[in-house]
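Just below is one structure, and these are the notes that go with it.
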There are 2 protein chains.
Amino acid sequence: MSKVINIKSVKLSCSQCSLSTLCLPRGLNPEEFEKVASIVQRERPLQRGELLFEIGQPFKSLFAVQSGSIKTLLQTRNGEEQIVGFHMPGELLGFDALGHEEHTCSAIALETSSICELPYHKLNELAHQVPGLSNHFMHLMSNEIADEHGMMLMLGKKSAEERIASFLLSLSVRYSKRGFSPNQFNLTMSRHDIANYLGLAVETISRCISHMQDEGILAADRKYINILDMPRLRTVAGLAERPCTMLEEKVE
Amino acid sequence: MSKVINIKSVKLSCSQCSLSTLCLPRGLNPEEFEKVASIVQRERPLQRGELLFEIGQPFKSLFAVQSGSIKTLLQTRNGEEQIVGFHMPGELLGFDALGHEEHTCSAIALETSSICELPYHKLNELAHQVPGLSNHFMHLMSNEIADEHGMMLMLGKKSAEERIASFLLSLSVRYSKRGFSPNQFNLTMSRHDIANYLGLAVETISRCISHMQDEGILAADRKYINILDMPRLRTVAGLAERPCTMLEEKVE
DNA sequence: CGGCCTATTGACGCTACTCAACATGAGTGG
DNA sequence: CCACTCATGTTGAGTAGCGTCAATAGGCCG
């Protein structure tokens, strides 16, 4: 939206990238920083729908989203799919593959996306020279585990509307951390993707979003989301400390 | 069941523990092995229902189950709980806390359990001396992430019966890896815990298990499970390669 | 033996899915 | 430029699966 990116700037090094505080450890000295930055590879950007890696491929690298967004998904032999994550700039992908030597999920671009590749064997070499590097990745993995516990809570206990509200809040927080508005943003994924991720039907997504519009909590026009009443959205998401009475306001 | 453990054997070192191949890296030389083993602490066994750690407590150690079993769970301010894992001997706990400096879930003993404590700051010191140690833990974390993706698939896409069948299969595989029968075992958790973990109601667990008994797939008597027809259990779990027709056998 | 907790079974209802029709926007070719 | 198609999203009607409520049975412990 606010930045024009030309082809050359894709070759941006980590030192010019505002997201390096998310991908790389804090507190590296310039020399260490440059060591890590030097192993990062960048290919041409992925187009919408293109595969970054596929389930079963040998694991060679971790990937960081520099711009755009990526979904990761499982596929079963029945042809079912389950989206297990949406990844936005500054976030790393591929941790699930590290223990298996091969990818356990596929990664697909949701829009045109620039990706940084971090070859794992080089990371391993650097780990001996740059103290705190393995720790940094262990922290990221730990956060991913904790986040997925949160998803299990969503899928196991929350209602459709709670899931959607929580999902929008999660996006809001993540956009906000990247310097974008927490209230207005464009979804990069389809309703189908959201439904799949949240364990719901597409129609349920539409209906709940319409309902929250009627309630004045948000305004939505296809991909565009405008959160009008953040506190109530938090209440619907089940994050309020007070007992959840708002949905019964009109009853009786 | 098959082993009598007296009080002194609780002081068992890693070198005598048959599970050390699960907790600790393979391929350590005896010297390295002893270094790692020397930092492992063991307290008195936990009794059923006792807390190993609680959500919000500062993170100091990883824990390994030596005997017994542990459940980990999230708690929300609404008083909801979501069990996020069951841990059996040889499995490690606490990876979710590593990135937060504090525990993001609570751990409770399902039965009398012996636990090994691995102080994190000592592990970190050893990481410099024992190559492959951080890698080992990253592998374990990676596996946990991949497993949780599988749980998201369960909770997002599978029916009640598929979830229960998958759950029993998962236990079967894990018991089997530990030298126990894959067909007969005792559940260490209650129906309530299973229901919570799988995002179902207790009654649904009972009904599905009864139904699978009627179908001759398994025999169950409270905690005791006897899997009579493993292939069909796999089919019900949705793991069969052939289209899933078995549930329609009797229809029309 | 009595009380309590866990598990099972049945009846009923609600949430969210399925099926279907329709609307809207994007992309394509004449 | 418009007409056409296709993909995506919205809305409605009917329904199935699973949750809730309730009653009962069985095991465990004092």
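Every chain is numbered from 1 and lettered A, B, ... according to where its sequence line falls, protein lines coming before strand lines.
Taking B:Glu81 as the reference, B:Leu73, B:Gln75, B:Asn196 meet the side chain to side chain contact (heavy atoms under 4.5 Å, CB included) condition, with sequence neighbours excluded. Scanning for side-chain hydrogen bond (donor to acceptor under 3.5 Å, both in side chains) contacts around A:Ser159 gives A:Glu162, with sequence neighbours left out. Contacts of B:Thr188 classified as side chain to side chain contact (heavy atoms under 4.5 Å, CB included), with partners at least two apart in sequence or in another chain: B:Ser69, B:Leu110, B:Glu111, B:Tyr175. Qualifying side chain to side chain contact (heavy atoms under 4.5 Å, CB included) partners for A:Cys23, counting only residues two or more places apart in sequence or in other chains: A:Ala64, A:Leu92. Partners of A:Thr76 according to the side-chain hydrogen bond (donor to acceptor under 3.5 Å, both in side chains) rule, which considers only residues two or more places apart in sequence or in another chain, are A:Glu80. Taking B:Ala109 as the reference, B:Leu46, B:Ile70, B:Ser113 meet the side chain to side chain contact (heavy atoms under 4.5 Å, CB included) condition, with sequence neighbours excluded. Legend: residues meeting ring-ring contact (aromatic ring centres under 6.0 Å, His included) with B:Phe53, ordered by chain and number and at least two apart, are B:Phe63, B:His103.
A side-chain hydrogen bond (donor to acceptor under 3.5 Å, both in side chains) check over residues 46-56 of chain A, counting only residues at least two apart or in different chains, returns the pairs A:Arg44-A:Glu50, A:Gln47-A:Thr112. For residues 165-186 of chain A, the pairs satisfying salt bridge (charged side-chain N to carboxylate O under 4.0 Å, His left out) are A:Glu91-A:Arg174, A:Glu91-A:Arg178, with sequence neighbours left out.
Nucleic acid contact class of A:Ser206 (heavy atoms, under 4.0 Å, all strands): base.
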Are A:Phe180 and A:Phe185 close enough, and set up right, to give a ring pair (Phe, Tyr, Trp, His ring centres under 6.0 Å), and what steps lead you there?
CA-CA 8 Å; A:Phe180 298 101; A:Phe185 47 84; over 10 Å; no
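Taking atom OH of B:Tyr224 as the reference point, atom P of D:dG27 lies 16 Å away to the nearest angstrom. As a whole-Å value, the separation of A:Asp214 CG from D:dT11 C1' is 12 Å. In this structure, the CG atom of A:Leu110 is 18 Å from the P atom of D:dA7, given to the nearest Å. Atom CD1 in A:Ile209 sits roughly 10 Å away from atom C1' in D:dG9 (whole-Å rounding).
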Output one letter per nucleotide in nucleotides 14-26 of chain D: B when a protein non-hydrogen atom lies under 4.0 Å from the base, S when only the sugar-phosphate is that close, - when neither is.
----SSBBB---B
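For the helix from C:dC1-D:dG30 to C:dG30-D:dC1, the axis fitted to the five pairs at one end and the axis fitted to the five pairs at the other end meet at an angle of 40° (nearest 10 degrees).
With A:Ser172 contributing its side chain and A:Asn183 its backbone, the two residues share no donor-acceptor pair below 3.5 Å.
Contacts between chain B and DNA chain C, taken as any atom within less than 4.0 angstrom of a protein heavy atom, begin and end at C:dT6 to C:dA11.
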